[in-house]
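Positions are given from 1 along the sequence.
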Amino acid sequence: MTQHTVLLVGGTGRIGKLAMNEMLNRGATVRAIVRSVPADFPTSNPNLQVIQASILDLSVAQLAEHLRGCDTMMCTLGHTPNFKGAFMAPYRLVTDATKLLCEAAAELKPATPIRLVMLSSIGLQVDGDDKRGLGEGAVLGMIGATLPPFKDTIACANYLQKKVGEGKQNPHVEYAAVRPANFVEGPQVPYTPLPSRPAAATLFSPITMSMANIAHFMATLATDMDAWATWKGKWPVLYQQAHKDGDKAAPAAAAEPAKEEAKA
């Protein structure tokens, strides 16, 4: 069985912490870059290496040394969901951190590309997605023009699509970017990632995704090479229909057969 070593940024966030624990439970070694160490971090686990730093304060060379020996990078960074997180610096937290990770990988010139598992957003429109309605498109356009966190998400996606991967400016990294619906609490239940966003998954639909499921899928991409072969270079979608009471999520369209946050 392959022993994976993962460099994780965003490990103190809601998804990042769950993904970290999931990877540790699978026997992976995790190097977590965090600004401060939470009291509930499993620091006694010998497979967890804590690097106390802000990723945006690290140089490419410094980050490359932390990355040396890793086969995977995972980024679960996001903007804090409050006024300060939405409208104050760093405005390009996710994009700048992703660029640093990719440049650090290029610095190492690995014999095989280092894998990057990204947490993205179902709000993105990528090739293969069903067309959005005019109203939804207008709302997303307005959000993208005025809300820095979503502008950051779009900029990061553009960077990955244009600069990263085989035959592109940085061939030393290959990526998969997970696009979940709104995060909710809840257990890990059966789910099926979709290769593209169906028309039913709109901003106005009652769709969610449990954080446990998101973390489980991201950990699977980091530790299961068959899953990685299926999803590398793609933008898988995760969502469930919410119950009418709105406080839980139930498997729905995302369970059908597929057609083919923390701060640095």
Side-chain angles (χ1 to χ4, degrees), residues 4 6 8 10-11 13-28 30 72-78 81 115-130 132 136 153 157 160 174-262:
H4 296 285
V6 182
L8 171 66
R14 296 178 297 170
I15 304 299
K17 191 177 295 184
L18 291 172
M20 177 185 67
N21 288 327
E22 182 72 30
M23 290 187 289
L24 290 171
N25 289 339
R26 298 182 187 205
V30 178
T72 307
M73 305 178 287
M74 181 179 291
C75 181
T76 61
L77 286 173
R115 296 173 291 141
L116 171 62
V117 182
M118 282 292 306
L119 179 62
S120 188
S121 169
I122 200 172
L124 285 174
Q125 184 78 8
V126 301
D127 290 345
D129 286 352
D130 285 348
R132 297 184 187 271
E136 184 182 18
T153 298
L160 289 173
E174 52 189 25
Y175 70 88
V178 180
R179 295 185 291 159
N182 292 332
F183 308 164
V184 294
E185 299 285 351
Q188 197 263 303
V189 297
Y191 64 93
T192 299
L194 298 177
S196 58
R197 184 194 55 77
T202 73
L203 287 178
F204 313 119
S205 303
I207 58 173
T208 59
M209 196 61 181
S210 75
M211 291 183 283
N213 275 6
I214 299 167
H216 181 273
F217 183 53
M218 295 187 75
T220 297
L221 290 174
T223 59
D224 186 323
M225 295 307 294
D226 289 336
W228 181 258
T230 298
W231 295 108
K232 71 176 180 179
K234 298 179 182 178
W235 298 77
V237 169
L238 295 176
Y239 78 95
Q240 300 163 309
Q241 294 288 350
H243 278 305
K244 290 183 180 179
D245 61 15
D247 59 3
K248 294 181 179 179
E256 297 173 357
K259 299 175 183 177
E260 155 82 358
E261 78 273 301

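- When all heavy atoms are compared, the tightest approach of L160 to M118 is CD1-CG, 4.0 Å.
- Atom CD1 of I15 and atom CZ of F183 lie 4.5 Å apart (nearest 0.5 Å).
- With sequence neighbours left out, E22 forms a side chain to side chain donor-acceptor pair (under 3.5 Å) with R26.
- Minimum heavy-atom separation, N213 to P187: OD1-O, 4.0 Å.
- T72 and R115 share a donor-acceptor pair across their side chains, judged by distance under 3.5 Å alone.
- Of all the heavy atoms in A201 and I122, the pair that sits closest is CB-CD1, 4.0 Å.
- Considering OG1 of T230 and CE of M225, their distance stands at 11.0 Å, rounded to 0.5 Å.
- Checking side-chain atoms of T76 against main-chain N and O of G10 turns up a donor-acceptor pair under 3.5 Å.
- Remark: side-chain polar atoms of R14 are not paired, donor with acceptor, to backbone N or O of M211 under 3.5 angstrom.
- In this structure, T223 contributes its side chain and A219 its backbone to a donor-acceptor pair below 3.5 Å.
- In this structure, the side chain of D129 engages the main chain of V126 through a donor-acceptor pair within 3.5 Å.
- A distance of 11.5 Å separates NE2 in H4 from CH2 in W228, rounded to the nearest 0.5 Å.
- Partners of S121 by side chain to side chain donor-acceptor pair (under 3.5 Å), not counting sequence neighbours: none found.
- Side chain of R197 to backbone of Q125: no donor-acceptor contact under 3.5 angstrom is found.
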